[in-house]
Amino acid sequence: MLDMYAEEILERYKDPVNRGEIKNATAEVHETNPLCGDSVDIYLKIENGKISEAKFNGFGCAISQASADLLLDEIRGKSSKDAKSLAKEQFLKTLGISLSPARLKCALLSWYALMIALQDR
Amino acid sequence: MLDMYAEEILERYKDPVNRGEIKNATAEVHETNPLCGDSVDIYLKIENGKISEAKFNGFGCAISQASADLLLDEIRGKSSKDAKSLAKEQFLKTLGISLSPARLKCALLSWYALMIALQDR
Amino acid sequence: MKGIEKLKKDFPILKRKINGKNLVYLDSAATSQKPVQVIKAIKDYYENSNANVSRSVHKLGEEATEAYENARKTVAGLINANSEKEIVFVRNATEGINLVAYSYLLPLAPSGGKIISTVMEHHSNIVPWQFINSHGMDLEFADITKNFGINLKKLNGMVSKGTKLVTTTHASNVLGTINEVDKISKIAHDNGSLFLVDAAQSVPHMPVDVQKLDCDFLAFSGHKMLGPTGIGVLYAKEEHLESMKPFMYGGDMIKTVTLENTNFNDIPWKFEAGTPNVAGAVGLNAAVNYLKKIGLDKIRKHEIVLTKHALNEFSKLDNVSTYGPQDENKKGCVISFNVKGVHPHDVASLLDREGIATRSGHACAQPLMKRLGVKAVARASGYIYNDKGDIDSLIDGINKVKKTFGV
Amino acid sequence: MKGIEKLKKDFPILKRKINGKNLVYLDSAATSQKPVQVIKAIKDYYENSNANVSRSVHKLGEEATEAYENARKTVAGLINANSEKEIVFVRNATEGINLVAYSYLLPLAPSGGKIISTVMEHHSNIVPWQFINSHGMDLEFADITKNFGINLKKLNGMVSKGTKLVTTTHASNVLGTINEVDKISKIAHDNGSLFLVDAAQSVPHMPVDVQKLDCDFLAFSGHKMLGPTGIGVLYAKEEHLESMKPFMYGGDMIKTVTLENTNFNDIPWKFEAGTPNVAGAVGLNAAVNYLKKIGLDKIRKHEIVLTKHALNEFSKLDNVSTYGPQDENKKGCVISFNVKGVHPHDVASLLDREGIATRSGHACAQPLMKRLGVKAVARASGYIYNDKGDIDSLIDGINKVKKTFGV
Ligand SMILES: Cc1ncc(COP(=O)(O)O)c(C=O)c1O
Ligand SMILES: Cc1ncc(COP(=O)(O)O)c(C=O)c1O
């Protein structure tokens with residue numbers, strides 16, 4: 001398990017590879033954690049049932065932002081069906097960060113946004 | 001100090017000497033302790049500023065009834081002014097019963113009634 | 001109960017001398033004593049994990065939050081709630097009932113309808129409804145039968161389509177009567193009314209299953225079930241909690257606040273404003289675990305044996321009347337009584353000299369006193385740490401009272 | 001403070017290791033830690049005197065009642081109330097404020113009028129007033145000045161004859177600002193309004209005299225002043241308590257109950273329905289005695305020294321902003337701050353690794369966050385058991401945070 005503040009996570013936070021907007025996105029979701037003010041916007045372009053492009057914008061702690069960045073790597077190129085079946089536990093495993101209960105919400109913010117974005121797909 | 005259930009108290013409870021009513025009383029007060037349902041009615045006949053007759057009726061615990069009986073012995077024949085100046089502490093001293101805090105209220109029920117009865121005298 | 005001697009040892013207070021005599025504590029219907037396990041849980045919490053809950057990312061905060069939410073799960077398990085979301089922590093049963101009054105019934109009151117309670121209730125299940133009544137909703141009280149149960153026939157006749165709430169105590173704190181709450185639940189629901197159970201005297205003493213009872217609300221107090229003071233529980237079906245308005249407002253019960261507007265938190269936190277009684281929940285958790293380890297069915301059986309013995313001994317006393325069912329299977333371990341010609345306060349004071357703690361007065365049930373035609377009663381009530389010897393001490397004590405007063 | 005090392009020893013939790021490091025507890029504005037004296041008082045109560053209060057004639061009941069009412073006297077003495085009748089025990093400051101909302105303001109709301117609070121309040125002093133606002137009374141918020149105090153000029157302009165309540169925190173849980181409550185009291189009273197003080201962050205830390213402040217209501221929590229969770233205090237002037245409606249209904253708050261009608265009890269019991277948190281009051285009593293023994297003025301002086309040191313050290317840190325007055329004489333020992341580019345949660349998580357407990361988030365003051373133009377803050381807050389060494393550990397910790405994030 002990675003430390004919450006492992007180099008890899010901090011790099012993702014400081015230099016996210018998937019940060020940005022998609023102009024003509026086919027799905028777009030804004031999700032917040034009111035308790036700490038964290039927010040992410042997820043943009044997807046879904047073509048022929050496949051996620052061809054994925055970007056996010058947002059504000060928040062290292063965990064919420066880095067995990068959003070990692071999540072989009074994980075689902076890009078997948079069918080929306082496959083992406084939708086990504087279980088919470090599976091995603092946390094992929095993240096591989098050792099998280100305290102209070103910080104779980106941070107790590108899952110983008111995953112919740114993704115699930116909403118894919119709801120009717 | 002007398003025990004709460006000394007012979008003298010129990011005698012007063014079982015065989016009060018001042019129990020009864022005064023038909024043409026000049027002062028009459030009904031006082032209750034709603035918490036335990038104790039009640040006393042005090043009847044006084046005040047002539048030329050002097051308490052010539054005093055009776056009580058009531059229902060309640062040994063302490064409330066015996067102390068009512070003792071109180072009337074104490075004030076009969078006194079001027080209403082003197083009776084009115086009978087302080088709470090003084091009366092308790094006269095009673096001479098060792099009382100727990102919860103039972104103080106019982107002992108003082110008749111004293112409160114008396115003070116109300118003498119209010120405007 | 002086997003091993004009751006060992007169990008008594010868990011309760012430090014039972015070693016106390018009162019007026020030179022061993023304490024015989026027979027006032028558990030008022031409040032229960034606490035085992036070392038509960039006292040220690042509170043102490044350990046303050047010595048190791050104390051912090052504010054819910055909003056913290058530091059270690060102590062996480063431990064405190066976990067301890068608090070864990071207590072909620074334990075309580076949900078005890079009464080077989082569908083989920084811990086249905087458990088709201090309050091101060092005591094009284095606050096639980098007031099929460100239902102304010103959050104569910106007060107908004108309905110101006111448009112009428114009816115609440116039905118009973119004459120055998122504790123003041124806490126009467127006075128809140130008089131408050132709602134003063135805001136426009138009718139209030140009626142079901143009577144008791146000569147067997148000291150709720151008159152179901154009459155109750156059935158009282159409930160109508162406009163009835164918003166039927167409420168009754170599960171077990172009477174005066175008569176001991178264990179009410180047929182499953183039947184009352186059906187009567188309420190058949191008429192579209194909700195059903196609230198005052199479980200202050202049942203949850204500590206017997207298995208209670210909210211799903212079997214099919215009640216909408218159920219309230220009880222931690223302090224009567226070996227737990228600390230200052231913590232109680234309101235159980236409510238999830239759908240009700242979702243639709244009800246908040247009760248108290250402030251920190252922790254919100255999601256977002258602006259000067260203009262507030263979004264409330266999810267249930268159950270929506271109903272828990274401000275810093276909760278965390279140590280209270282921790283103590284209650286320990287109490288429930290203690291009770292579960294013995295087994296609530298075993299506790300009930302023990303109390304049936306105790307009650308039977310008490311009823312039997314009381315029946316031999318001249319000039320002593322008792323109030324309540326005479327069948328130990330139909331009542332909790334509560335004996336209310338009067339010695340002829342002796343005020344209950346005098347009974348309790350004289351018993352206290354023998355080290356025997358009993359209650360005297362109206363037992364917070366003045367309407368029931370009136371219905372029974374008495375001003376007050378003396379009351380002895382037992383729990384897991386009492387044995388037949390305690391009942392025998394009580395009977396000896398009553399005999400002394402009788403001798404003192406020459407009855 | 002002289003002898004602070006000796007004093008630290010009174011707090012068992014401070015011996016704890018967090019992630020292998022000594023605990024440095026800097027989250028007392030959320031909740032305080034408890035000295036052995038308080039923990040022992042609770043334990044002793046349960047082991048020796050536990051019983052239900054008010055209605056009992058047995059020995060334990062008398063002892064419990066005395067302990068409970070004695071706590072009321074101790075609290076009345078602490079804040080110099082006219083009489084212990086003016087002390088109502090509640091769960092926490094939040095419930096105290098809600099009591100005023102429900103019992104005093106709600107009945108007035110339909111006929112209009114205005115409540116004035118401020119933008120620097122804790123949610124507990126905002127959301128209850130939004131509730132009253134929804135019943136017809138206006139609600140306005142006074143702004144803060146650039147020195148993080150309440151803008152008295154603007155406040156003065158807002159108060160009018162129709163103002164029913166002016167309310168403000170005595171000390172801010174975010175900025176530390178100690179407000180000029182005596183002046184605000186005068187502004188309120190000159191306009192015929194009542195004045196409520198949220199004293200959750202002042203009573204634990206400095207001498208507070210309700211007669212000098214001349215406030216109508218004052219609320220605070222036991223758990224922030226070395227006392228147990230689940231007990232708080234509402235002070236109110238006797239005349240207000242006398243005329244106010246009850247809040248919760250049930251046992252203990254009544255004199256007589258019939259099915260038709262209820263006579264309520266005298267103050268303060270009229271406002272305390274059901275079995276109270278007796279052990280909580282006993283613990284609070286011990287906490288107040290502990291604070292008084294040290295002396296509230298000495299505690300305030302100690303915190304001024306600590307705050308001065310903290311302000312000084314923080315001012316040397318690059319890329320770290322703080323929020324609140326820079327004058328230690330004008331603020332409590334609360335430093336809210338942000339490290340540039342680092343979310344407060346990450347600050348707190350990283351500090352936690354060093355054993356340093358701080359808070360992060362909106363600190364239950366979202367409107368103030370908005371006013372300050374931040375989403376959240378990290379917050380360190382000190383109390384009697386903290387010393388300069390703790391501040392130095394914090395500064396070291398923040399430097400580590402900066403290094404980790406390359407700030
Ligand atoms: C200024 C202020 N007011 C009110 C409160 C609420 O206190 P409690 O949660 O104990 O009700 C707090 C504590 O968080 C506070 O800091
Ligand atoms: C039947 C019943 N209901 C309600 C209550 C009120 O409990 P509490 O005072 O803990 O709120 C009691 C306890 O006295 C009770 O016996």
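All chains are named by letter (A, B, ...) in the order of the sequence lines, taking the proteins before the strands, and each is independently numbered beginning at 1. These numbers were taken from a predicted model, which means no experiment stands behind them.
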Next item on the list: Could you tell me which portion of D:Asn92 (side chain, backbone, both or neither) has an atom closer than 4.5 angstrom to a non-hydrogen atom of chain C?
Entry: side chain

Check: So, does D:Gln37 use its side chain to make a donor-acceptor pair with the main chain of D:Ala286 at under 3.5 Å?
Finding: no

Checklist line | Side-chain donor or acceptor of C:Lys34 paired with backbone N/O of C:Gly227 under 3.5 Å | finding: yes

Next item on the list: Answer with side chain, backbone, both or neither: which region of D:Phe141 has an atom nearer than 4.5 Å to a non-hydrogen atom of chain C?
Entry: side chain

Item checked: Part of D:Asn261 lying under 4.5 Å from any heavy atom of chain C -> backbone

Check: What part of D:Leu259 lies closer than 4.5 angstrom to a heavy atom of chain C: side chain, backbone, both or neither?
Finding: both

Notebook entry, point to check: Which bit of D:Thr262 comes within less than 4.5 Å of chain C, counting heavy atoms only: side chain, backbone, both or neither?
Noted result: both

Next item on the list: Answer with side chain, backbone, both or neither: which region of D:Ser49 has an atom nearer than 4.5 Å to a non-hydrogen atom of chain C?
Entry: both

Next item on the list: Give, as side chain, backbone, both or neither, the part of C:Leu23 having an atom under 4.5 angstrom from any heavy atom of chain D.
Entry: side chain

Item checked: Atom group of C:Gln33 that falls short of 4.5 Å from chain D, counting heavy atoms -> both

Next item on the list: Give a yes or no on whether C:Lys21 atom NZ has more than 12 heavy-atom contacts from other residues, nucleotides or ligands under 6.0 Å away.
Entry: yes

Checklist line | Residue part contacting chain D, namely of C:Phe11, when any heavy atom lies under 4.5 Å | finding: neither

Checklist line | chain C contact via D:Glu63 - side chain, backbone, both or neither, heavy atoms under 4.5 Å | finding: side chain

Checklist line | C:Thr118 side chain reached by C:Thr169 side chain, heavy atoms, under 4.5 Å | finding: no

Notebook entry, point to check: Within a reach of under 6.0 Å around NZ of C:Lys270, are more than 12 heavy atoms found that belong to other residues, nucleotides or ligands?
Noted result: yes

Checklist line | Under 4.5 Å from a heavy atom of chain C, the part of D:Asn277 involved | finding: both

Next item on the list: For the pair C:Asp352 and D:Lys59, find out whether any cationic side-chain nitrogen is under 4.0 Å from an anionic carboxylate oxygen.
Entry: no

Margin query: Taking side chain as everything from C-beta outward and backbone as N, CA, C, O, which of these in D:Ile42 sits under 4.5 Å from a heavy atom of chain C? Side chain, backbone, both or neither.
Written below: side chain

